[in-house]
Amino acid sequence: MRRFLVAGNWKMNTDRASGSALAGALAENSPSEEAGVEVLVCPPFTGLESVGRAIDGSAVQLGAQDVYFEPGGAFTGEISVEMLTDAGCGYVIIGHSERRNVLGEDDEVANRKVKAALAGGLKVVLCVGELLSQREAGNTEWVLDLQMAGSLADISEDDAKNIVIAYEPVWAIGTGVTATTEQAESAHLHLRNWVSGHYNSEFADQLRILYGGSVKPDNAEALMSQPNVDGALVGGASLKPDLFIPIIDAARSLANG
Ligand code: PEP
């Protein structure tokens, strides 16, 4: 049985005070280890330490939104795997559509980052997803295949066990437009089949695949109740406890229900 993961990507939002308050509210709602649901927050780098303190002792986990693949040195503006683990991170998001489409990262860069993160002991949330034009041209599955093959190149099954995939159709991110449950399930099933073909079916059965793209309290349960949807990567709604906690609660009731 796959454990739900509900992850909040705060993007370039929150300062130390507002981030700590938000994290504190989530920690109160997730006081201890839970069987069916894992909760993760990914604040900006400047908030890692203060958010880490606010969630200390709770079941909420800490992640970063990006990482660089080199271990250290003259890479102005970048941050290493070791710096993130030192700051208390257990997870890192890699290949988010904003990294790919705004900041020009490709699958090769994502692959180098995934390898470095796994080698340094971080778990990875690897994002894939098609543009609206690619969906409209009927190329969704082809794009997902390319992103999976490129981002996961030369990564063994053993290492891939520490990866979670996030299917995030770019047209649904921050737009208020959500994939239908059928669109999400179809893409997730395709991704799971890809993993089965490139690794094996037992591993594919265990791999978690999150949906991301305008997840809100009113659509979370329907999306996460799809057989191949194992949680959510949440942007906008993760910035407000009164929106994020009901999404976590939806995963809880599905897990326990
Ligand atoms: C995201 O940034 O990963 C995301 C899914 O954003 P939103 O929930 O705001 O669409």
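In this text the structure is predicted, and so the values were computed from the model without any measurement. Every number for a ligand or one of its atoms is a count from 1 in the order of the listing.
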| task | Quick one: list whatever passes ring pair (Phe, Tyr, Trp, His ring centres under 6.0 Å) with Phe244, sequence neighbours left out. | result | none

| field | Electrostatic pair Arg3:Asp230 at N-O distance under 4.0 angstrom | value | no

| field | Point-to-point distance, once rounded to the nearest 0.5 Å, from CD of Glu105 to CG of Asp66 | value | 5.5 Å

| request: Report the residues that fulfil salt bridge (Lys or Arg N to Asp or Glu O under 4.0 Å) with Glu108, sequence neighbours left out, ordered by chain and then residue number. | output: none

| Partners meeting ring pair (Phe, Tyr, Trp, His ring centres under 6.0 Å) with Phe69 (sequence neighbours left out) | none

| task | Non-hydrogen atoms closer than 4.0 Å to ligand 1: which protein residues do they belong to? List them by chain and number, please. | result | Asn9, Lys11, His96, Glu168, Ala172, Ile173, Gly174, Gly212, Gly213, Ser214, Leu233, Val234, Gly235, Gly236

| query | What are the two closest heavy atoms between Ile94 and Ala110, and how far apart are they? | reply | CG2-O, 3.7 Å

